[in-house]
**Student:** 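Attaching a single structure in structure tokens format; questions to follow.
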Amino acid sequence: MEFPEEEIRNSLIAANFGRACQLAKEWLEAAPLELRNTRQHKIAEESYVYGRFFFHRQERINQTPGSADKARLYLKFLDELIEIRKERELSETIENSIWPDVYKMIHMHVAEGFARAFAGQKSYNLDQTEVIQLAVSLIEINNWPGAKESLLFMYKMNPKNALYNFLLSHVYYQLGEMDLFLTHLREALFIKPEVIEEYEKYLPEGAFQKIWDHLSGEDFSKIARYRYFALYLEINGSYKIKREISDKELEKTEEDFEKLYLQFKDSKNKPFLEDLKPRVLHLLAWLMYYAEEKKKLDSLERYSSIMKKIDQDVYANFLESNK
């Protein structure tokens, strides 16, 4: 018996949930026992779960007014389905699951709803969390120009926001604009390395992923891993274009460093120190570079001495990449 996988996928994507549910149910009822553990049987079972889920909520979907309300409803459905998938231990692999199509369909509705709701509105009327959700949903459906437009809208209002910078870096990476990708990634990881936590899957590939994979094998806390990732990119020459910095910004970075370094010297809490160490070293890397650029030789000597004392390997790598 031929499995109508393509028709089921297309029905789910087109929001024809009754048809998807019917096709999956008919195949499951007719499938012989020897197909019970096959890929087709698992996908049919999964498709029936999703089709039935949305079919029973079709009236609610149709009666939900407003584009933003409908987007929020689909986000609620997404949370519910993620829980259902955990409970049923459904496959995470693309080749053995129909979930990627359902996931994309949900984000298509979320993006469409919020885009309509926000069109023509003034920035002060918008919920920033929902604008970010619009950008994330556009990313999930590979609408890179739309995601870029939404994120730049937010970034222009707050260029020091780590999340805006991190998501922009991902979008620019996908668009092949590598200088902008590196610029925004560096900014995001300097402002708040922990921004990675919710968006780990957006980390760049290649050398960046190798560093991340290496750190994942180390005995670090989650916070320390994010901070070491930011630090290693900084000291290993990953950024080819050095960022301009104003005297005021440099002064603020110096103040932040002195506060953290004082905590680092005075604390006896080992887990706290392990989390703080990469952040202190990261700030030092920036301060050493800009102290040299601005000819602040006394400061450079002090910062170099501190970095060398805290971690000689980090110091050696920094010198090597900044020759």
**Student:** Could you tell me whether the side chain of Leu12 reaches within less than 4.5 Å of the side chain of Asp101, counting heavy atoms only?
**Tutor:**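 No, their side chains stay 4.5 Å or more apart.
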**Student:** Could I get the full list of salt bridge (Lys or Arg N to Asp or Glu O under 4.0 Å) partners for Asp179, not counting sequence neighbours?
**Tutor:**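 Partners of Asp179 by the salt bridge (Lys or Arg N to Asp or Glu O under 4.0 Å) criterion come out as none, since no residue qualifies.
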**Student:** Give a yes or no on this: more than 12 heavy atoms of other residues, nucleotides or ligands lie within 6.0 Å of atom NZ of Lys259.
**Tutor:**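 Counting neighbours around NZ of Lys259, 12 or fewer heavy atoms of other residues, nucleotides or ligands fall under 6.0 Å, so no.
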**Student:** In terms of ring plane angle, is the pair Phe257 and Tyr261 parallel, tilted or perpendicular, where the classes change at 30° and 60°?
**Tutor:**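 The rings of Phe257 and Tyr261 lie parallel, inter-plane angle below 30°.
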**Student:** Between Asp69 and Thr64, do the side chains contain an N or O donor and an N or O acceptor separated by less than 3.5 Å?
**Tutor:**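 Short answer, no.
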**Student:** Do Tyr48 and Ile13 sit in one hydrophobic cluster, given that two such residues count as connected whenever their side-chain heavy atoms are within less than 4.5 Å of each other, even indirectly?
**Tutor:**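 Different clusters: Tyr48 never reaches Ile13 through Ile, Leu, Val, Met, Phe, Trp or Tyr contacts under 4.5 Å.
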**Student:** Tyr74: which residues meet the ring pair (Phe, Tyr, Trp, His ring centres under 6.0 Å) condition with it, sequence neighbours left out?
**Tutor:**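 With neighbours one apart ignored, the set is Phe77, His109.
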**Student:** Between Trp144 and Tyr172, is the ring centre distance below 6.0 Å?
**Tutor:**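 No.
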**Student:** Honestly, is Arg279 close enough over Phe190, meaning NZ or CZ under 6.0 Å from the six-membered ring centre and within 45° of the axis?
**Tutor:**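 Yes, cation above the ring, under 6.0 Å and within 45°.
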**Student:** Using distance only, find each side-chain donor-acceptor pair of residues 297-305 under 3.5 Å and give its atom names and separation, not counting sequence neighbours.
**Tutor:**
unit_1, atom_1, unit_2, atom_2, d
Arg302, NH1, Glu258, OE2, 2.8
Arg302, NH2, Glu258, OE1, 3.2
Ser304, OG, Leu300, O, 2.8

**Student:** In plain terms, say whether Asp275 and Arg227 are close enough for a salt bridge, that is, a side-chain N and a carboxylate O under 4.0 Å apart.
**Tutor:**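 Answer for the salt bridge query: no.
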**Student:** Do other residues, nucleotides or ligands put more than 12 heavy atoms under 6.0 Å from the CZ atom of Phe264?
**Tutor:**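 Enclosed: over 12 neighbouring heavy atoms sit under 6.0 Å from CZ of Phe264.
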**Student:** In terms of hydrophobic clusters joined by side-chain contacts under 4.5 Å, are Leu284 and Ile191 together?
**Tutor:**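 Not linked; separate clusters.
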**Student:** Walk me through whether Tyr232 and Leu215 qualify under side chain to side chain contact (heavy atoms under 4.5 Å, CB included).
**Tutor:** CA-CA 10 Å; Tyr232 287 172; Leu215 288 170; 3.5 Å; yes
**Student:** Enumerate the residue pairs fulfilling salt bridge (Lys or Arg N to Asp or Glu O under 4.0 Å) with a member in residues 209-221, sequence neighbours excluded, ordered by first and then second residue.
**Tutor:**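 Residue pairs with at least one partner in residues 209-221: there are none.
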**Student:** If Ile, Leu, Val, Met, Phe, Trp and Tyr residues are connected whenever their side-chain heavy atoms lie under 4.5 Å apart, and connections chain through other members, are Leu28 and Trp99 in the same group?
**Tutor:**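 Linked, Leu28 and Trp99 end up in one cluster.
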**Student:** Cationic tip of Arg57 within the cone over Phe53's six-membered ring, i.e. under 6.0 Å and within 45° of the normal?
**Tutor:**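 Ring-cation test returns yes.
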**Student:** Tell me whether the rings of Phe220 and Tyr228 are parallel (<30°), tilted (30 to 60°) or perpendicular (>60°).
**Tutor:**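 Phe220 vs Tyr228 ring planes: parallel.
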**Student:** Report the residues that fulfil side chain to side chain donor-acceptor pair (under 3.5 Å) with Thr38, sequence neighbours left out, ordered by chain and then residue number.
**Tutor:**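 Here no residue qualifies.
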**Student:** Do Arg72 and Val110 make a side-chain contact, defined as non-hydrogen atoms from C-beta onward lying under 4.5 Å apart?
**Tutor:**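 Arg72 vs Val110: side chains apart.
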**Student:** With the 4.5 Å side-chain cut-off for hydrophobic clustering, are Leu152 and Val131 part of the same group?
**Tutor:**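 Same cluster: Leu152 reaches Val131 through Ile, Leu, Val, Met, Phe, Trp or Tyr contacts under 4.5 Å.
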**Student:** Would the number of heavy atoms belonging to other residues, nucleotides or ligands and lying under 6.0 Å from CD of Glu198 be above 12?
**Tutor:**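 No, because the 6.0 Å sphere around CD of Glu198 holds 12 heavy atoms or fewer from other groups.
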**Student:** Taking atom NZ of Lys76 and atom CG of Leu73, what is their separation to the nearest 0.5 Å?
**Tutor:**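 Result: 7.5 Å between the selected atoms.
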**Student:** Can you name the side-chain contact (heavy atoms from CB on, under 4.5 Å) partners of Ala135, sequence neighbours left out?
**Tutor:**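 So Ala135 forms a side-chain contact (heavy atoms from CB on, under 4.5 Å) with Ser150, Leu151.
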**Student:** Residues two or more places apart in sequence or in another chain: which of them pass salt bridge (Lys or Arg N to Asp or Glu O under 4.0 Å) with Lys25?
**Tutor:**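 By the salt bridge (Lys or Arg N to Asp or Glu O under 4.0 Å) rule, Lys25 matches no residue at all.
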**Student:** Gln40: what forms a side chain to side chain donor-acceptor pair (under 3.5 Å) with it, not counting sequence neighbours?
**Tutor:**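 Residues passing side chain to side chain donor-acceptor pair (under 3.5 Å) with Gln40: none at all.
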**Student:** Tell me if the aromatic rings of His170 and Phe166 count as close, with their centers under 6.0 Å from one another.
**Tutor:**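 No, ring centres 6.0 Å or more apart.
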**Student:** Heavy-atom count around Glu205 CD within 6.0 Å, excluding the residue itself: above 12?
**Tutor:**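 Counting neighbours around CD of Glu205, 12 or fewer heavy atoms of other residues, nucleotides or ligands fall under 6.0 Å, so no.
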**Student:** State, with a plain yes or no, whether a side-chain heavy atom of Tyr239 is found less than 4.5 Å away from one of Leu185.
**Tutor:**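 Counting from C-beta outward, Tyr239 and Leu185 do come under 4.5 Å.
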**Student:** Will you find, in the side chains of Glu234 and Trp286, an N or O donor that is under 3.5 Å from an N or O acceptor?
**Tutor:**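 Indeed, the side chains of Glu234 and Trp286 share at least one donor-acceptor pair under 3.5 Å.
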**Student:** Lys252 versus Lys248: any side-chain heavy-atom pair under 4.5 Å?
**Tutor:**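 A side-chain contact under 4.5 Å is absent here.
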**Student:** Test of understanding: with side-chain contact (heavy atoms from CB on, under 4.5 Å), list the residues that count as partners of Ala111, not counting sequence neighbours.
**Tutor:**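 Expected list: Leu134, Ser137, Leu138, Ile141.
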**Student:** For atom CD of Glu34, decide whether the heavy atoms of other residues, nucleotides or ligands shown that lie under 6.0 angstrom number more than 12.
**Tutor:**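 Counting neighbours around CD of Glu34, more than 12 heavy atoms of other residues, nucleotides or ligands fall under 6.0 Å, so yes.
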**Student:** Are the side chain of Ser47 and the backbone N or O of Ile43 linked by a donor-acceptor pair below 3.5 Å?
**Tutor:**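 Yes.
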**Student:** Crowded around Lys265 NZ? As in, over 12 foreign heavy atoms under 6.0 Å?
**Tutor:**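 More than 12 heavy atoms, drawn from other residues, nucleotides or ligands, come within 6.0 Å of this atom.
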**Student:** Quick check: do Trp27 and Pro4 have side-chain heavy atoms less than 4.5 Å from each other?
**Tutor:**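 Yes, side chains in contact.
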**Student:** To the nearest 0.5 angstrom, please state how far the CG atom of Asp256 sits from the CD atom of Glu251.
**Tutor:**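 Asp256 CG to Glu251 CD: 11.0 Å, rounded to 0.5 Å.
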**Student:** Charged N to carboxylate O below 4.0 Å: is that the case for Glu200 and Arg225?
**Tutor:**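 No, this pair does not count.
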**Student:** Dump the intermediate steps for side chain to side chain contact (heavy atoms under 4.5 Å, CB included) on Asn236 and Ser321, then the final yes or no.
**Tutor:** CA-CA 6 Å; Asn236 288 338; Ser321 64; 5.7 Å; no
**Student:** For Pro159, is there any backbone N or O sitting under 3.5 Å from a side-chain donor or acceptor partner on Asn165?
**Tutor:**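 Flag set: sc Asn165 to bb Pro159 pair under 3.5 Å.
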**Student:** Kindly assign one of parallel, tilted or perpendicular to the pair Phe181 and Phe208, based on the angle between their ring planes and the thresholds 30° and 60°.
**Tutor:**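 Because their plane-to-plane angle is over 60°, the rings of Phe181 and Phe208 count as perpendicular.
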**Student:** Stepwise, does the salt bridge (charged side-chain N to carboxylate O under 4.0 Å, His left out) test hold for Glu5 with Arg9?
**Tutor:** CA-CA 6 Å; Glu5 180 177 340; Arg9 288 182 185 273; 2.8 Å; yes
**Student:** Could you check if a side-chain atom of Leu180 sits within less than 4.5 angstrom of a side-chain atom of Tyr173, using non-hydrogen atoms only?
**Tutor:**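 Result no, sub-4.5 Å side-chain heavy-atom pair not found.
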**Student:** Test: salt bridge (Lys or Arg N to Asp or Glu O under 4.0 Å). Region: residues 132-159. Which pairs qualify, not counting sequence neighbours?
**Tutor:**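 Sorted result for residues 132-159: Glu140-Lys201, Lys148-Glu177.
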**Student:** Going by the rule side-chain contact (heavy atoms from CB on, under 4.5 Å), which residues pair with Val49 if we only count those two or more places apart in sequence or in a different chain?
**Tutor:**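 With sequence neighbours excluded, Val49 shows a side-chain contact (heavy atoms from CB on, under 4.5 Å) to Ile84, Arg88, given in chain and number order.
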**Student:** Should Glu274 and Ser221 be marked as a side-chain hydrogen bond (donor to acceptor under 3.5 Å, both in side chains) after you check the CA-CA gap, both sets of side-chain angles, and the distance that decides it?
**Tutor:** CA-CA 8 Å; Glu274 289 176 350; Ser221 70; over 6 Å; no
**Student:** Parallel under 30°, tilted from 30 to 60°, perpendicular over 60°: which one fits the rings of Tyr155 and His184?
**Tutor:**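 Ring orientation, 0 to 90° scale: perpendicular.
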**Student:** After noting the C-alpha distance and the side-chain angles of Tyr290 and Glu249, does the key distance pass the side chain to side chain contact (heavy atoms under 4.5 Å, CB included) rule?
**Tutor:** CA-CA 11 Å; Tyr290 291 114; Glu249 198 172 354; over 6 Å; no
**Student:** For Asn158, check side-chain contact (heavy atoms from CB on, under 4.5 Å) against everything at least two apart and list the hits.
**Tutor:**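 Testing Asn158 for side-chain contact (heavy atoms from CB on, under 4.5 Å), a comparison that skips the adjacent residues, returns Lys160, Asn161, Tyr164.
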**Student:** If only side-chain N and O atoms count, and only distance matters, is there a donor-acceptor pair under 3.5 Å linking Ser67 with Glu112?
**Tutor:**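 No, Ser67 and Glu112 have no side-chain donor paired with an acceptor closer than 3.5 Å.
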**Student:** Hey, does Leu78 have a side-chain heavy atom less than 4.5 Å from the side chain of Tyr103?
**Tutor:**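 Yes, at least one pair of side-chain atoms sits under 4.5 Å.
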**Student:** So, does Lys70 use its side chain to make a donor-acceptor pair with the main chain of Ile61 at under 3.5 Å?
**Tutor:**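 Checking the backbone N and O of Ile61 against the side chain of Lys70, a donor-acceptor pair under 3.5 Å is found.
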**Student:** Looking at Lys222 and Glu194, is any side-chain nitrogen of the basic one under 4.0 Å from a carboxylate oxygen of the acidic one?
**Tutor:**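 Looking at Lys222 together with Glu194, the answer is no, because their closest N to O distance does not fall below 4.0 Å.
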